[in-house]
There are 2 protein chains.
Amino acid sequence: MAQVKNTYQFEDLLEKHQLKKTGARLRVLSMMYAKNTATSQPDLESVMHDIDRVTLYRILNVFEEKGIIHKVFDLNGTANYAVCSSGCHEHHHHDEHLHFNCTACKGVFCLNELSLPAINLPEGFQASGFTLYASGLCPKCNKMQ
Amino acid sequence: MAQVKNTYQFEDLLEKHQLKKTGARLRVLSMMYAKNTATSQPDLESVMHDIDRVTLYRILNVFEEKGIIHKVFDLNGTANYAVCSSGCHEHHHHDEHLHFNCTACKGVFCLNELSLPAINLPEGFQASGFTLYASGLCPKCNKMQ
DNA sequence: TAGTAAATGCAATCGTGTTGCATTAGTGTT
DNA sequence: AACACTAATGCAACACGATTGCATTTACTA
C-alpha cells in the first residue's frame with residue numbers, strides 16, 4: 001500500500017540517515033512512496049529526464065545501503081526497488097515477504113502483510129535470508145482478462 | 001542431485017522435443033546434467049570456447065521453451081539454468097522448489113526435494129507460479145568458514 | 001545423395017550496471 | 001552573509017549479458 005508523506009517527512013528521513021537533502025533524492029523518495037509497486041531504474045529515468053542515470057543509480061544504491069528501500073529482481077532479472085517496511089535498518093533488511101510479479105503489466109508488488117512460513121533447509125545449508133516470488137496476474141490485470 | 005545420463009539418452013531427449021541432435025546441444029546437456037548447481041551462460045562460455053555465445057544463448061532459450069531446463073536468477077540478476085525435474089512440460093514448468101544462492105561461491109542450487117507450503121494471496125492476485133529464493137552459505141562454503 | 005529447413009557463426013546493437021574524474025551544490029562555521 | 005569543506009552530481013567511458021539480422025553450414029528426409 002502506498003504510504004503518503006510530505007516533503008518535510010522526506011527531509012527528516014534523509015537527515016536521519018545523514019544524507020544531504022538534494023532535489024534528486026527528494027523526488028526519488030516522493031515517487032517511490034507514492035507507488036504501491038516496486039520501481040526500476042528505467043522507470044525513474046523515464047520520468048526524471050533531467051537527472052543523470054548514474055545519479056539515479058547511486059541514489060538507489062545509497063538508499064538500499066541505508067535501509068530505506070530494498071532491491072527485488074523482476075522476471076527479466078532487472079533490479080526493482082521498493083520502500084522498506086519499518087523493520088528495516090542499515091545493512092539489515094527484513095524484506096522476507098512475498099514479491100508478486102505481474103506477467104501482464106510487469107509490475108512488482110511487495111505484499112508485506114504476508115509472512116513466510118518456516119522453511120527447513122537440507123543439512124549443511126545455512127540461510128541468511130529468504131525471498132518468495134510469485135508470478136501471475138495482479139488485481140487490475142486480472143479484471144481485464 | 002546430479003542426474004547421470006549417457007549420450008544416447010541425451011539424443012533421445014532431443015528427439016523427443018523435435019530438436020536436431022547437434023554437437024553443441026549434446027555438450028550443453030551433458031554439462032548441465034553432470035552438475036548439481038544451476039549454470040549461467042558465462043559458465044558455459046568459459047568451458048566451451050569453440051561454441052559461439054549466441055549459439056549457447058539460443059540453445060538455453062530453446063531448452064527452456066521445451067521444458068528441458070528452467071531459468072533462475074542469481075543474486076546479481078544474471079540468468080542461470082538448471083535441468084527440470086520430471087514434472088516439467090513444454091510451456092508449463094514446475095519449478096516451484098527452493099533456489100539457494102550461495103553468497104560465497106555464487107553457486108545456485110535447486111533443492112527439488114523441498115516443496116513449498118501453501119500460500120494465501122490477498123484478494124485479486126492470481127498466481128501461476130511460485131519461487132522461493134534463499135541466500136546464505138552452501139554446505140561446502142559453510143565448512144570453510 | 002540431393003534438397004530443405006533448422007542450427008550455427010559472425011557482426012552489430014541494446015540495456016543495465018559500474019567506475020573515474022571534474023564540477024556543482026549542500027552544510028556547518030566564522 | 002560569505003567561506004570552506006565534503007558530499008553529491010553530471011559527463012564520458014566502459015563492462016557485460018541479452019538480443020537481432022543475415023549469411024553459411026549442418027542435420028535430417030525424401
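Lettering follows sequence order; numbering is per chain, from 1.
- Looking at A:Tyr81 and A:His70, their side chains never come closer than 4.5 Å, going by heavy atoms from C-beta outward.
- In this structure, CG in A:Leu60 is found 8.5 Å from OG1 in A:Thr39, a value given to the nearest 0.5 Å.
- For A:Leu14 and D:dA7, the CG to P distance is 16 Å, given to the nearest whole Å.
- Aromatic ring centres of A:Tyr133 and B:Tyr133 lie closer together than 6.0 Å.
- To the nearest angstrom, C1' of D:dA8 lies 12 Å from CG of A:Asp52.
- In the helix from C:dT1-D:dA30 to C:dT30-D:dA1, the rotation axis of the first five pairs and that of the last five pairs differ in direction by 30°, rounded to 10 degrees.
- Put simply, the side chain of A:Thr37 never gets that close to the backbone of A:Val108: no donor and acceptor are under 3.5 Å apart.
- Taking atom CD1 of residue A:Ile59 and atom P of nucleotide D:dA7, one finds them 16 Å apart after rounding to whole Å.
- Ring geometry for B:Phe109 against B:Phe100 counts as perpendicular: the plane angle is over 60°, on a 0 to 90° scale with 30° as the lower cut.
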Taking protein heavy atoms under 4.0 Å as touching, what does nucleotides 15-21 of chain D look like 5' to 3' if B marks base contact, S marks sugar-phosphate-only contact and - marks none?
--BBBBB
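- Along DNA chain C, the stretch of nucleotides lying under 4.0 Å from any heavy atom of chain A spans, 5' to 3', C:dT16 to C:dT27.
- B:Asp74 and B:Asn101 form no side-chain donor-acceptor contact under 3.5 Å, judged by distance and modelled atom types alone.
- Under the 4.5 Å side-chain heavy-atom criterion for Ile, Leu, Val, Met, Phe, Trp and Tyr, B:Leu132 and B:Val72 are members of distinct hydrophobic clusters.
- Ion pairing between A:Arg53 and A:Glu45 holds under the 4.0 Å rule for side-chain N and carboxylate O.
- At distances below 3.5 Å, at least one donor-acceptor pair connects side-chain atoms of A:Gln9 with backbone N or O atoms of A:Asn6.
- In this structure a side-chain-to-backbone donor-acceptor pair under 3.5 Å is missing from A:Asn142 to A:Leu137.
- Atoms CD1 (A:Ile51) and C1' (D:dA8) sit 12 Å apart, rounded to a whole Å.
- We find that CG of A:Leu60 is positioned 15 Å from C1' of D:dA8, with the value rounded to whole Å.
- A:Arg25 contributes no side-chain N or O that, together with a main-chain N or O of A:Leu14, makes up a donor-acceptor pair within less than 3.5 Å.
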